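In each ligand, atom 1 is the first atom listed, and ligand 1 is the first ligand listed. Because the structure is predicted, anything quoted here is derived from the model rather than measured. The basis for the numbers below is simple: all heavy atoms, side chains too, and nothing from hydrogens, waters or symmetry mates.
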Amino acid sequence: MKCDISKRCGSCQYINMDYHQQLVKKQEECQKLFPHLNVHSVEGMDHPYEYRNKVIVAFNQKYEYGLYEESSHKIVPTQKCLLHDEETHKILSKIQSLFRKYRMSIYDEKKNRGFMKHVLIRRAVSTNQTLVVLVATDGMFKGSKNFCQELVKACPTVKSIVLNVNKRQTSVVLSDNEKVLYGKGFIVDELCGLTFKISARSFYQINHEQCVKLYAKVKELLNSQKDEIILDTYCGIGTIGMSVADKCQEVIGVELNKDAYKDALNNAKMNHIDNVRFINDDATEFMIQMANKHQSVDSIIMDPPRAGSTKEFIHSVKVLQPKKVVYVSCDPTTQARDLKWFKEIGYQASDVYLYDMFPHTGHVECVVLLTKVHNG
Ligand code: SAH
């Protein structure tokens, strides 16, 4: 499939490259970053399109919508992006026609004037539910009732519509000021045989099919025993921790984002998992406290954002001395840096497993198992 907009939008650097070649390129680049490790070939997708379950678009004054051009704030009109499913397109074009019909005031960045800033669509692919988040400069959305009714009637997969009020002139799309306009403010998805509640600001893996493979690998590498205590750090809504909870004594998840943390608590309840608990804290702070208390921990899962983890986090691992650390990363550059710090504290990896979570982009998801190096 060819994309005629990618050159200008810049989100998919590799879209016009043969898919197999993309996978080879990603593997080679990772091998350069991890020269001493066995970097496996990338686990790709059979149909590497329509995989993104989340999209954020902006509208211009002509009611065209799209992503921003690379390194600028110019909107590239995107009627059909190859990474989003049909339903996402259908909903976006309905929203477009409603904006036109109601002469929606569109935010003008240069003048810092107008109402509607962004539209975020999040799809739960297993349950076919959709969450629509309208990001606006004001909490007063006149005519919101009619707008919601018409949208839901035309697109019945829309189970909830949220107004996120972001008055600030910033590149951060969502604020923490939210108002539910329709439904419950969240959607529910199924993943790895479990049910997850996902609200607007919580992190959720954007590629469902690849996420299932990734989590299976984490579980395999952990290979935990029934009496083990596992930490799931940077746990989001608790997905990884809950998917390994049946194979250990206890999982403790830690997550900084309050909404994701609350979703995690609900998710544990919803799935009747009672050997998992969650802490709303910075992962490094939490690790330092665990180390100060010399808590007993058998394995640690870590899945930090692109910036990677911290030296202090890794120094706490040195104190806690878990048997294993499974490190999941969406940025191999920062992971490679962190692995050097791990080496200094006596933990080493041998294999790097790669998952193509983001086909057609330059990104790849990496998983490594770190174990204690025995000296003699
Ligand atoms: N493991 C989860 C989430 C991974 S994304 C999953 O597979 O879905 C990384 C998560 O780390 C996000 O939920 C983000 O909110 C959280 N996060 C970012 N910085 C953090 C920090 N300093 N301490 C704890 N969590 C953090």
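S160 is not listed as a side-chain neighbour of F186, based on a closest heavy-atom distance of 4.5 Å or more.
Scanning all protein heavy atoms for the shortest distance to atom 19 (N) of ligand 1 gives P305 CG, 3.8 Å. Remark: minimum distance from atom 17 (N) of ligand 1 to any protein heavy atom is reached at Y234 CD2, 3.9 Å.
Taking a cut-off of under 4.0 Å to the non-hydrogen atoms of D282, the atoms of ligand 1 that pass are 21 (C), 22 (N), 23 (N). Counting the atoms of ligand 1 from 1 in the order shown, those under 4.0 Å from a heavy atom of D281 are 23 (N), 24 (C). Listed by number with element, the atoms of ligand 1 under 4.0 Å from a non-hydrogen atom of N257 are 15 (O). Of all atoms in ligand 1, listed by their number and element, those nearer than 4.0 Å to a heavy atom of T239 are 6 (C), 7 (O), 8 (O). Close contacts between ligand 1 and F203 involve ligand atoms 3 (C), 4 (C), 5 (S), 6 (C), 8 (O), 12 (C), 13 (O) [criterion: under 4.0 Å to a heavy atom].
Here the CG atom belonging to L98 is positioned 5.0 Å from the CZ atom belonging to F147, to the nearest 0.5 angstrom. The line from CG of L151 to NZ of K94 is 8.0 Å long, rounded to the nearest 0.5 Å. Separation of atoms CG (L214) and CG (D303) is listed at 7.5 Å; rounding is to 0.5 Å.
Both the backbone and the side chain of L256 come within 4.0 Å of ligand 1, counting heavy atoms alone. At a 4.0 Å heavy-atom cut-off, ligand 1 touches A283 through backbone and side chain alike.
Distances from ligand 1 to the non-hydrogen atoms of Y215 include at least one value under 4.0 Å. By the 4.0 Å heavy-atom criterion, C235 is counted among the residues contacting ligand 1.
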Working for side chain to side chain donor-acceptor pair (under 3.5 Å), residues S202 and Y261: CA-CA 8 Å; S202 297; Y261 159 74; over 6 Å; no
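The one candidate from F115, F99, Y107 that meets the ring-ring contact (aromatic ring centres under 6.0 Å, His included) condition with F59 is F99.
Ring orientation note: the planes of H118 and Y68 are nearly perpendicular, at an angle over 60° on the 30°/60° scale.
At a 3.5 angstrom cut-off on N or O pairs, D303 counts as close to ligand 1.
Q335 approaches C366 most closely through the heavy-atom pair OE1-CB, 3.1 Å.
Comparing Q205, M302, M287, E255 by heavy-atom distance to atom 16 (C) of ligand 1, the nearest is E255.
Defined by atom type and a distance below 3.5 Å, a donor-acceptor pair is present between the side-chain atoms of K213 and Q210.
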